[in-house]
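Notes follow once the structure below has been shown.
Numbers here are sequence positions counted from 1.
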Amino acid sequence: QGCGGTHGVGARKLGIEHFAVKGMQGRGVLIDFTRHYGRERKLIGCDELMHVMQADQVQVEPGDMLVLRTGFAEVVMEMAGKPDGDVLHRSCSVLDGADQRLLDWITDSGIVAICADNYAVEAYPAREREGRKSLLPLHHHCLLKLGLPLAELWFLKDLAEALHEQGRHRFL
């Protein structure tokens, strides 16, 4: 049926509101792209992710919540209530949802969530890939195929600095 009908399309049982009922907690693992790539716009595929994880000796295990600091929320906050969309579009690291190796790693890693300090977690729109047209392929892969939630616009600067000072990447 059309609008207002009872046969609409959607994943009604997978809404984020269900997480809000009791909340979520678990082991977070922070990956700090800002420390490695600064605030320039950079697509992060599997190779870049593995480079940072190896350089920082970050270990991700099944059940972890992957937390990504890109610096984006910091740039937004520094704009003091007057965000510049053009500057933001050219700022900070974003996951390359069109990188099939990255999507495969997400599946194989057994992580239970991806949390980031940017919006959308991945580049929007995604770079074009042969035969695939999704504007947000990482969303499609994580939300629809894996049931893996994505969290956006977390402010991670203070956490990242505290963990760095302690030589840690894991936290509750």
Arg101/Asp47 salt bridge by N-O under 4.0 Å criterion: yes

Passing candidate, side chain to side chain donor-acceptor pair (under 3.5 Å) with Asp56, options His169, His164, His36: His36

Reported CD1-to-CG distance for the pair Ile31 and Leu66, which is rounded to 0.5 angstrom: 4.5 Å

Nearest-0.5 Å distance that lies between atom CZ in Arg90 and atom CG in Asp84: 7.0 Å

Intermediate values then yes/no, side chain to side chain contact (heavy atoms under 4.5 Å, CB included), Asp32 and Val52: CA-CA 8 Å; Asp32 195 343; Val52 171; over 6 Å; no

NZ/NE/NH1/NH2 to OD/OE distance under 4.0 Å, Arg69 and Asp117: no

Common cluster, Leu138/Val29, ILVMFWY with side-chain heavy-atom separation under 4.5 Å: yes

Nearest-0.5 Å distance, CD of residue Glu61 to CD1 of residue Ile111: 13.0 Å

Where Cys92 and Gly71 come nearest, the two heavy atoms and their spacing: SG-C, 3.5 Å

Pair Met79-Leu88, side chain to side chain contact (heavy atoms under 4.5 Å, CB included): steps then yes or no: CA-CA 10 Å; Met79 291 180 172; Leu88 291 173; 3.9 Å; yes

Heavy-atom side-chain proximity of Phe72 to Leu153 below 4.5 angstrom: yes

Geometric class of the Tyr37/His51 ring pair [parallel <30°, tilted 30-60°, perpendicular >60°]: tilted

Shortest non-hydrogen separation from Pro137 to Ala98 and the atoms involved: CG-N, 3.8 Å

Beyond-backbone contact of Gln25 with Met65, side-chain heavy atoms, under 4.5 angstrom: no

Atom CD of Gln166 with >12 non-hydrogen neighbours under 6.0 angstrom: yes

Where Ala116 and Val121 come nearest, the two heavy atoms and their spacing: CB-CG2, 4.1 Å

Same apolar cluster: Ile114 and Leu30, side chain cutoff 4.5 Å: no

Donor-acceptor pair, side chain of Asp99 and main chain of Cys46, under 3.5 angstrom: yes

Test log, rule side chain to side chain contact (heavy atoms under 4.5 Å, CB included), inputs Lys145 and Thr107: CA-CA 9 Å; Lys145 289 183 177 179; Thr107 300; over 6 Å; no

Considering all heavy atoms, the nearest Leu68-Leu156 contact: O-CD1, 3.3 Å

Within 6.0 angstrom of Gln57 CD, more than 12 heavy atoms from elsewhere: no

Glu48 side chain vs Gly45 backbone, donor-acceptor pair below 3.5 Å: yes

Under 3.5 Å: donor-acceptor pair, side chain of Ser93, backbone of Ile44: no

Gap separating the SG atom of Cys142 from the CG atom of Leu136, nearest 0.5 angstrom: 11.0 Å

hydrophobic_cluster_shared for Tyr124 and Leu143, side chain cutoff 4.5 Å: no

Common cluster, Phe33/Leu43, ILVMFWY with side-chain heavy-atom separation under 4.5 Å: no

Expected output: side-chain His141 to main-chain Leu103 donor-acceptor under 3.5 Å: yes

Heavy-atom closest contact (Leu172 atom, Gly26 atom, distance): CD1-O, 3.5 Å

Side-chain donor-acceptor pair present, His139, Ser134, cut-off under 3.5 Å: no

Heavy atoms of other groups near Met77 CE, more than 12 under 6.0 Å: no

Trp154 CH2: over 12 foreign heavy atoms closer than 6.0 Å: no

Shared hydrophobic cluster, Val67 / Trp105 (ILVMFWY, side-chain heavy atoms < 4.5 Å): no

Side chain Arg170, main chain Gln59, donor-acceptor under 3.5 Å: yes

Taking every non-hydrogen atom, the tightest pair across Val75 and Ser91: CG1-OG, 4.3 Å

